[in-house]
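Here's the structure we're looking at; comments come further down.
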Number of protein chains: 2
Amino acid sequence: MKKYSIKDIANLSGVSVATVSRVINDNGRFSEATRKKVLATINETGYQTNFSAKNLRMNKSFSIGILVPDISNYFFAKLVQTIEEILFNHGYSTVICNTARNADKELAYLKMLESKGIDGLIVISGPKAFDIKQLPAAKNLPFICIDRQPSDQHGTVFIASNHYQGAFEATEALINNGCQHPVIALHQQISSSGIERRNGFIDALKKNNIFFNPEHNQVTIETDHILTTLQAFLKDHPETDGIFAINDTIGIEALTTLLKMGKAVPEDIKLIGFDDDPQDRHSFPTLSSVRQNVDQLAEVSVKNLLNMITHEASPESSIIIPVSLVLRESSR
Amino acid sequence: MKKYSIKDIANLSGVSVATVSRVINDNGRFSEATRKKVLATINETGYQTNFSAKNLRMNKSFSIGILVPDISNYFFAKLVQTIEEILFNHGYSTVICNTARNADKELAYLKMLESKGIDGLIVISGPKAFDIKQLPAAKNLPFICIDRQPSDQHGTVFIASNHYQGAFEATEALINNGCQHPVIALHQQISSSGIERRNGFIDALKKNNIFFNPEHNQVTIETDHILTTLQAFLKDHPETDGIFAINDTIGIEALTTLLKMGKAVPEDIKLIGFDDDPQDRHSFPTLSSVRQNVDQLAEVSVKNLLNMITHEASPESSIIIPVSLVLRESSR
DNA sequence: ACAAAATTGATAAACGATTAACAAAGTTGG
DNA sequence: CCAACTTTGTTAATCGTTTATCAATTTTGT
């Protein structure tokens with residue numbers, strides 16, 4: 001299988017390479033007759049344009065980098081998947097970089113991406129160790145942040161779900177279903193979106209005249225020690241009748257831990273998580289959660305990034321996407 | 001931030017571009033003094049080689065394509081993540097293509113990947129609609145298949161977990177724990193790995209003198225109708241005391257369905273799944289499963305692919321990776 | 001019918017790297 | 001001291017595109 005170049009196509013169709021290029025890129029300067037002729041030989045030969053050459057000449061690579069902390073996390077995987085699909089439909093390919101929340105890896109990836117001459121960058125969450133914008137690599141690179149607030153807001157796009165709203169609504173759902181002593185369950189280190197969620201929880205308490213006391217209304221879960229942590233907490237705070245888990249990993253863990261402890265969910269303790277992992281539908285009882293609108297998140301991200309790349313429209317600077325509460329059995 | 005080319009570096013260090021290139025690629029033909037000089041200006045300027053140019057000249061892109069059916073599936077995500085990391089450590093970047101098990105998309109992706117001039121391809125599972133090898137795009141492209149048997153074995157590498165072994169061991173575990181009437185739960189359409197798993201199940205029955213009767217020892221789960229399907233099956237076959245689920249999605253669904261029906265797991269019915277999803281550790285009771293060795297799968301895949309690319313060693317043709325049974329509460 | 005304008009196509013110069021072929025300078029042995 | 005060899009570095013071709021500039025041809029207006 002020979003690889004055909006534009007020159008071969010030109011020779012075979014009896015025109016010049018310039019004409020072939022014009023036909024391929026459809027920029028007018030040719031007659032209908034030549035168009036047919038050229039297209040025919042392209043079809044015959046199965047010619048494919050060589051992107052390396054095109055990239056070199058046009059200084060454009062038709063590929064986008066994505067920095068993502070952990071693609072084995074369902075939410076990130078789904079988000080990346082959706083973004084990738086939309087980008088592909090726009091003629092871009094996606095280079096996925098799994099940073100493992102490691103700032104050094106992030107830097108290494110950025111260097112590689114710069115070398116490859118990517119046209120744009122999408123940064124999802126991740127470490128706040130340094131500011132992407134400060135990097136030489138990113139100086140002239142269109143990029144947007146999802147769930148990671150860039151420290152220098154100017155000229156960058158920030159997109160996130162309304163974590164605050166989701167937490168607020170989830171907490172109010174607990175209260176409306178009778179919880180008098182709701183507790184938020186979270187990890188030690190907490191991301192920017194986590195802070196938003198915590199604020200939503202606190203404000204929902206406030207609005208319902210429940211005083212937020214970190215001692216009583218908050219439990220810090222240490223991974224792998226959830227049973228002991230939760231057991232100790234509930235012993236000290238037997239009045240607890242509702243838990244808002246800051247994400248579904250904690251939510252599901254809390255659920256099974258409660259069951260192991262002999263508590264009934266939702267009868268004794270109501271429970272709501274965050275992220276709407278698929279497993280929420282398959283727990284027993286099923287787990288209420290807050291669903292982020294992944295499609296919209298992806299859509300808006302790509303739209304804005306491509307706008308930045310083509311300069312067609314000036315990008316918005318900060319976009320918050322609504323979330324939706326998914327009520328299931330665990331919070332009845 | 002200016003972009004420096006090799007020419008700039010040459011001028012700034014007072015040598016020719018050829019020399020700079022030699023220093024960068026360390027191929028000998030220069031003195032220690034020039035090396036230091038060139039490296040110094042490279043450091044000062046922050047020069048990065050332009051991959052488009054390098055690719056064009058060398059006819060090599062240092063990027064690998066991955067065709068994967070569904071990256072939001074935990075096993076695939078983990079596998080892709082691991083492969084990506086290893087490839088990155090070898091200086092390759094990864095272009096991920098989510099085919100959604102759609103043969104047309106697969107074809108479109110392959111065209112794009114060919115245009116980009118990828119150096120190699122990894123195909124994970126996916127539709128058997130057509131044979132990659134037959135595609136002109138793949139004629140001279142080194143590629144390996146994970147969990148997808150290429151129809152033309154010659155010169156291609158096939159890598160897979162030992163699905164047969166996993167299913168066999170899981171089934172024997174059920175039997176050894178007292179199950180007299182084990183049942184396999186599977187979907188209507190079944191992949192090549194699914195067939196292996198089913199064979200393992202059947203042979204384990206045989207070995208233990210249980211006659212395999214599709215009527216009695218197999219239930220076909222229709223997604224979204226699992227409750228009714230399973231309920232009907234158990235009504236017709238009340239003797240059922242063990243279920244081997246062909247994957248963890250079915251496993252977890254079966255588990256909660258059984259609980260909803262008032263069955264006790266593992267007391268009434270023992271249950272083992274396949275793939276060792278993280279959620280298995282957080283169900284109640286925890287779900288026994290078969291774990292594929294993702295690290296080894298990734299390692300072996302990359303090693304063989306890179307061997308094919310560099311011709312350093314001739315690739316093996318068919319590699320089977322052992323799996324391990326993870327026993328938890330659901331099969332006690 | 002002829003000048004001006006519009007259409008169509010060709011030539012050749014980039015883009016930034018690698019590398020074969022060559023040249024100059026330095027080293028060595030007899 | 002000079003032939004032969006080694007070391008170091010330069011020049012220029014090449015990869016496959018795009019596109020500015022120019023040239024030839026056709027169309028149009030009067």
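Only a predicted model underlies this, so the values are computations on that prediction, with no experimental measurement involved. Order of the sequence lines sets the chain letters (A, B, ...), proteins ahead of strands, with each chain counted from 1.
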How long is the straight-line distance from CD1 of A/I9 back to OG1 of A/T45, given to the nearest 0.5 Å?
3.5 Å
Could you work out how much the helix from C/dA1-D/dT30 to C/dG30-D/dC1 bends, comparing the axis of its first five pairs with that of its last five, to 10°?
40°
For the backbone of A/A160 and the side chain of A/D147, can you confirm whether one donor and one acceptor N or O come within less than 3.5 Å of each other?
no
Using modelled atom types only, decide if a donor and an acceptor are shared between the side chain of B/S61 and the backbone of B/G117 within a distance under 3.5 Å.
yes
What's the CD1-C1' distance between A/I9 and D/dT18, to the nearest Å?
16 Å
d(CZ, A/F62; P, D/dG16) in whole Å:
19 Å
Protein within reach of the bases, or only the backbone? For nucleotides 16-23 of chain C, mark each nucleotide 5' to 3' as B, S or -, using heavy atoms under 4.0 Å.
BBBBBBB-
Would the distance check show the side chain of B/S301 and the main-chain N or O of B/L297 forming a donor-acceptor pair, the cut-off being under 3.5 Å?
yes
Please state how far atom CG in A/D8 lies from atom P in D/dC15, giving the value in whole angstrom units.
11 Å
From CG of B/N55 over to P of C/dC15, roughly how many Å is that when rounded to an integer?
18 Å
Check: B/R148 main-chain N/O paired with B/S192 side-chain donor or acceptor under 3.5 Å
no
B/N11 side-chain N/O to B/D8 backbone N/O, donor-acceptor pair under 3.5 Å:
no
Kindly compute the distance separating CE (B/M308) from CG (B/L121), expressed to the nearest 0.5 Å.
10.0 Å
Working to the nearest 0.5 angstrom, can you tell me the gap between A/N162 CG and A/S193 OG?
12.0 Å
